[in-house]
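Order of appearance sets the numbers: ligands from 1, and atoms from 1 within every ligand. Any value given below was found using the heavy atoms of this structure, including those in side chains, with hydrogens, waters and symmetry copies removed.
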Amino acid sequence: MKTTDPATAPDADRKVIGESGSLFLARLQGETGVNVGACYQCERCTNACPVAGYMDLKPHQVIRYTQLGWRHELMHSVTIWVCLSCEMCTTYCPNEIDVAEVINHLRNMAARSTIEPREKDLAEFHHVFLHELQRFGRVNELWLMAAYNRRLGVLKNKLRDGSLVEDLRLGIKLWRRGRLRLVPHRSRAIQEIRRLYRKKGVL
Ligand code: SF4
Ligand code: SF4
């Protein structure tokens with residue numbers, strides 16, 4: 001029988017500690033503090049999720065895949081980008097499993113990796129959102145959209161599919177209702193937020 005010498009194995013065959021199986025589970029539980037192992041697949045999290053219909057992996061499946069250490073499937077899922085971080089799943093879990101935090105953590109792991117995101121526009125928006133939050137400690141909608149639209153390819157796509165006009169219409173509506181501020185206000189908790197960014201390794 002043919003055996004592979006680990007020292008000469010091709011890169012694709014090599015496993016990095018914490019990248020799969022029980023080590024991935026231990027790593028994720030250690031980094032989030034969430035007891036993923038307590039899940040018994042009741043699916044209440046999925047039933048509570050407002051966007052479960054748009055996900056390829058439902059919230060309860062995300063937790064199951066995490067238990068199994070299936071990092072590859074999780075990192076390449078649509079779910080990690082579609083999730084709204086609304087925390088309904090967490091609220092309804094009878095075992096107090098912070099499903100939203102697990103998904104958020106997976107999204108940040110994917111954002112820091114070289115993996116091509118399944119939902120490119122949402123991944124781009126995620127980066128811009130986090131960047132704006134780090135700058136001011138809160139997000140100014142006008143500045144957020146301006147920063148997002150400046151990204152390479154975003155404006156071109158929006159001009160092509162007509163969504164820029166829809167954005168402008170919505171912007172005017174919000175402006176008339178006094179919901180948009182021209183100048184962003186810096187949060188008093190800015191240093192605390194930046195400290196959290198450093199601690200979590202975000203951006
Ligand atoms: S609600 Fe909690 S226990 Fe039930 S499937 Fe979701 S994570 Fe698991
Ligand atoms: S945090 Fe994400 S997964 Fe949980 S209910 Fe909200 S959208 Fe669904």
Taking only heavy atoms of His60, which atoms of ligand 1 are found under 4.0 Å from at least one of them? 5 (S)
Tell me which part of Cys49 gets within contact of ligand 2: side chain, backbone, both or neither, using heavy atoms under 4.0 Å. both
Are any non-hydrogen side-chain atoms of Trp175 and Leu182 less than 4.5 angstrom apart? yes
Note: ligand 1 atoms sitting under 4.0 Å from heavy atoms of Tyr40 are 3 (S)
Say whether His185 and Arg181, considering side chains only, have a donor N or O and an acceptor N or O under 3.5 Å apart. yes
Nearest protein heavy atom with distance in Å, relative to atom 6 (Fe) of ligand 2: Cys86 SG, 2.3 Å
Which of the numbered atoms in ligand 2 are under 4.0 angstrom from any heavy atom belonging to Pro59? 3 (S)
With heavy-atom distances below 4.0 Å as the criterion, list the atoms of ligand 1 near Pro94. 1 (S)
Where do Phe125 and Met145 land on the side chain to side chain contact (heavy atoms under 4.5 Å, CB included) test, with the steps shown first? CA-CA 9 Å; Phe125 188 80; Met145 289 318 293; 4.2 Å; yes
Taking only heavy atoms of Asn95 into account, list the atoms of ligand 1 that are under 4.0 Å away from them. 3 (S)
Mark up the atoms of ligand 1 that fall under 4.0 Å of a heavy atom belonging to Gln41, in ascending order. 5 (S), 8 (Fe)
How close do Val62 and Leu106 get, counting heavy atoms only, and between which atoms? CG1-CD1, 3.7 Å
Under 4.0 Å from ligand 2, counting heavy atoms only, is it the side chain of Ser85, its backbone, both or neither? backbone
Calculate, to the nearest 0.5 Å, the distance between atoms CG and OH belonging to Asn47 and Tyr92 respectively. 11.0 Å
Does any donor atom in the side chain of His105 or Thr32 lie under 3.5 Å from an acceptor atom in the other side chain? no
Measure the distance from atom 5 (S) of ligand 2 to every protein heavy atom, then report the residue, atom name and distance (to 0.1 Å) of the closest one. Cys89 N, 3.3 Å
Which is it for Met55 and ligand 2 at heavy atoms under 4.0 Å: side chain, backbone, both or neither? side chain
Given side chains that start at C-beta, do those of Glu101 and Thr90 come closer than 4.5 Å, heavy atoms only? no
Can a donor-acceptor pair be found, under 3.5 Å and without considering hydrogens, that links the side chain of Asp161 to the backbone of Ser163? yes
min-distance protein heavy atom vs atom 1 (S) of ligand 1 -> Cys45 N, 3.3 Å
For Ala100, atoms of ligand 2 separated by under 4.0 Å from a heavy atom: 1 (S)
Ligand 2 atoms nearer than 4.0 angstrom to some heavy atom of Met88 are 5 (S)
Given Met55 and Thr46, is the side chain to side chain contact (heavy atoms under 4.5 Å, CB included) satisfied, shown in steps? CA-CA 10 Å; Met55 294 173 166; Thr46 295; over 6 Å; no
Given that the side chain starts at C-beta and the backbone is N, CA, C, O, which of these parts of Ile103 lies under 4.0 Å from ligand 2, counting heavy atoms, or is it both or neither? side chain
In ligand 1, which numbered atoms sit nearer than 4.0 Å to a non-hydrogen atom of Glu43? 4 (Fe), 5 (S)
What protein heavy atom sits nearest atom 7 (S) of ligand 1, and how far off is it? Val99 CG2, 3.7 Å
So, 2.8 Å as the limit: is an N/O/S atom of Cys42 located closer than that to atom 6 (Fe) of ligand 1? no
Using a 4.0 Å heavy-atom threshold (strictly under), name the region of Thr46 that reaches ligand 1: side chain, backbone, both or neither. neither
Evaluate the side chain to side chain contact (heavy atoms under 4.5 Å, CB included) criterion for residues Arg44 and Cys89: first the C-alpha distance (whole Å), next the side-chain angles of each, then the deciding distance (0.1 Å), finally the verdict. CA-CA 7 Å; Arg44 282 187 73 181; Cys89 48; over 6 Å; no
Side-chain donor-acceptor pair under 3.5 Å between Arg64 and Gln67, yes or no? yes
Please say which of Arg107, Glu119, His131 ends up in a side chain to side chain contact (heavy atoms under 4.5 Å, CB included) with His126. Arg107
Output for pair (Gln61 CD, Leu74 CG), nearest 0.5 Å, gives 10.5 Å
CZ/Phe136 to CD/Glu132 distance, rounded to the nearest 0.5 angstrom? 5.5 Å
Just to confirm my output: which protein heavy-atom neighbour is closest to atom 2 (Fe) of ligand 1, and how far is it? Cys93 SG, 2.3 Å
Quick check on atom 8 (Fe) of ligand 1: does Cys39 put an N/O/S atom closer than 2.8 Å to it? yes
Should you measure from each heavy atom of Glu87, which atoms of ligand 2 turn up under 4.0 Å away? 1 (S), 6 (Fe)
Within ligand 2, which atoms have a heavy atom of Val51 less than 4.0 Å away? 7 (S)
